[in-house]
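Let me begin by presenting the structure, written as C-alpha cells, before commenting on it.
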Amino acid sequence: MTATQIVTTGHRAPRKKMTRKKWQTVIWFVALLAITAIVIYPLLWLFASTFKPNSEFGQNQGLIPLNPTFENYGTIVEGIGGVPMWRFFANSTILAVSAVIGTLFSSSLAAYAFARIKFKGLGIFFASMIGTLLLPVHVVIIPQYIWFNKLGLIDTFVPLILPKFLATEAFFVFLMVQFIRNLPKDMDEAARIDGAGHGRIFWYITLPLIKPSLITGAIFAFIWTWNDFLAPLLYLNSPENYPLPIALRLYNDQTSTSDYGATVTASFVALIPILLFFIVFQRFRFTGVARRALRGCA
C-alpha cells in the first residue's frame, strides 16, 4: 500500500462518520421542528382568528381567515358594559403584580424562619403548613368570604391581595424552604460573628442566593393570579373592578348573541403579558441556576 493510499484511506472514514452525524442532526432538527409546530399551532390559530369576522366562526376552522378584518380589535378597545378594555387590563396587572410582591416577600420570610431559626414547635408548624396543601381551595372559600364580608371588604381588591402578604401559599413556602436548606451555613455563621442578626443575614445573604427560587415563584404567582377566575368572581361585583378573566365572560352571553371574534381577540391580548413575563423571567431563572452551578464547581 502506497503512502497516497494510506493517506486517502485515513481520510475517508472520518468523512463517513461526519456524514452520519450530519444526517442524525438533520433528523433530530426536523423532529423537533415538527413537535414545535404542533405546540405552537394553537397559538398561531388564536392569533389568526383575531382577524376573522363572527360569520366565519363555526364555518372556517382553518388557520387563514377568508375575509380578514380588524373590527375585533376595535371592539375590545371600546370595551364592554361601559368599561374600556384598558380598565380590565389595569385591574389584572394590579392583582398580578401585587400577588408577585406579596408572595415573594411573605413566603421568603416564612421559609427563612422554617429553615434557619430553631424554635419550639417548629416541626408541628411546618407539618401543619405542608398539610394545607392537601386542603381543596373550596374548603376555605366560605369562611374567608364570611370574614371579609363582615369587614366590609367585598367588591374590593383587598381579599385578593391581602392573603398574598400573609404567606398563605404553602407551595411557595415549601419551595423556598427546600432551597434555603441546601445553602451552606458558613456565610451565616461568619455574618453572626461580625454582629449581623437574622434581618441582615436574610436580606444580604439568603435572598441573593435563592434568586432562582424567587424567580420561579414569581412566574407561578403571576400566571396563577392573571388566569384566576374563581376568586375575582366571588369577591368582585362591579364591572369596573373586573380583571380580564371575568371580562372575557361578558363577551359570551347565553341569553343573547355571543361575540366570538371579540372573545378570541381579548383572549389573545390577555395571553401576551403571560408569554412576555414567562420568557423574560425564565431567562433570569436559568442564568441564576447556571451561576450557582459554576460557583459549586469552583
Side-chain angles (χ1 to χ4, degrees), residues 26-97 99 137-138 160 219-282:
V26 171
I27 292 174
W28 275 109
F29 179 78
V30 172
L32 293 176
L33 188 63
I35 295 174
T36 304
I38 294 174
V39 174
I40 295 180
Y41 179 79
L43 182 62
L44 295 177
W45 185 91
L46 182 66
F47 173 69
S49 297
T50 61
F51 301 101
K52 293 181 180 179
N54 285 326
S55 58
E56 289 192 25
F57 287 92
Q59 299 179 0
N60 178 19
Q61 289 81 26
L63 181 65
I64 301 176
L66 301 178
N67 300 304
T69 179
F70 290 93
E71 293 181 359
N72 296 327
Y73 287 95
T75 301
I76 66 169
V77 168
E78 294 176 0
I80 190 171
V83 182
M85 190 65 180
W86 67 265
R87 184 63 181 270
F88 301 130
F89 199 93
N91 294 337
S92 291
T93 303
I94 292 173
L95 293 176
V97 173
V137 65
H138 309 87
L160 302 174
I219 292 174
F220 280 106
F222 185 89
I223 294 176
W224 289 352
T225 305
W226 188 273
N227 293 331
D228 189 15
F229 179 85
L230 179 60
L233 180 65
L234 183 66
Y235 291 110
L236 301 178
N237 301 325
S238 303
E240 59 270 13
N241 292 332
Y242 285 169
L244 283 172
I246 308 297
L248 293 178
R249 187 196 60 167
L250 301 178
Y251 288 101
N252 290 280
D253 190 357
Q254 299 298 328
T255 61
S256 62
T257 304
S258 298
D259 194 343
Y260 297 110
T263 302
V264 171
T265 306
S267 301
F268 177 76
V269 173
L271 187 62
I272 293 177
I274 296 179
L275 294 176
L276 295 177
F277 190 89
F278 179 81
I279 292 173
V280 172
F281 280 85
Q282 189 76 355

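Between Asn72 atom CG and Phe51 atom CZ the span is 9.0 Å, to the nearest 0.5 Å. If you take CD1 on Ile76 and OG1 on Thr50, they are separated by 8.5 Å, rounding to the nearest 0.5 Å. Annotation: the span from Ile274 atom CD1 to Ile219 atom CD1 amounts to 12.0 Å, rounded to 0.5 Å. The line from CG of Leu233 to CD1 of Ile246 is 4.5 Å long, rounded to the nearest 0.5 Å. Residue Tyr73 holds its OH atom at 11.5 Å from OG1 of Thr75, rounded to the nearest 0.5 Å.
Taking all atoms of both residues into account, the shortest heavy-atom contact from Trp226 to Pro245 is O-CG, 3.2 Å. When all heavy atoms are compared, the tightest approach of Arg87 to Glu240 is NE-O, 3.3 Å. Closest non-hydrogen pair, Leu236 versus Pro243, comes out as CD1-CD, 3.8 Å. Of all heavy-atom pairs spanning Trp45 and Gln61, the tightest one is NE1-O, 3.2 Å. Across all their heavy atoms, Pro84 and Trp86 have their closest contact at CG-NE1, 3.1 Å.
Applying the ring-ring contact (aromatic ring centres under 6.0 Å, His included) rule to Trp224 yields the partners Phe171, Phe172, Phe220; only residues at least two apart in sequence or on another chain are considered. With sequence neighbours excluded, the residues forming a side-chain contact (heavy atoms from CB on, under 4.5 Å) with Leu33 are Phe29, listed by chain and number. With sequence neighbours left out, the ring-ring contact (aromatic ring centres under 6.0 Å, His included) criterion links Phe277 to Phe222, Phe281. With sequence neighbours excluded, no residue forms a side-chain hydrogen bond (donor to acceptor under 3.5 Å, both in side chains) with Asp228. Remark: Tyr260 engages no residue in a side-chain hydrogen bond (donor to acceptor under 3.5 Å, both in side chains) (not counting sequence neighbours).
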- Evaluate the side-chain contact (heavy atoms from CB on, under 4.5 Å) criterion for residues Leu250 and Val83: first the C-alpha distance (whole Å), next the side-chain angles of each, then the deciding distance (0.1 Å), finally the verdict. CA-CA 11 Å; Leu250 301 178; Val83 182; over 6 Å; no

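Lys52 is not listed as a side-chain neighbour of Leu66, based on a closest heavy-atom distance of 4.5 Å or more. Considering only heavy atoms from C-beta on, Leu248 stays 4.5 Å or farther from Phe229 through its side chain.
For the pair Glu56 (side chain) and Asn67 (backbone), a donor-acceptor distance under 3.5 Å is present.
Partner of Tyr41 under the side-chain contact (heavy atoms from CB on, under 4.5 Å) criterion, out of Leu63, Leu46, Thr36: Leu63 alone.
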Contacts under 3.5 angstrom, residues 264-272 side chains, donor-acceptor by atom type, not counting sequence neighbours:
from, atom 1, to, atom 2, distance (Å)
Thr265, OG1, Gly261, O, 2.8
Ser267, OG, Thr263, O, 2.7

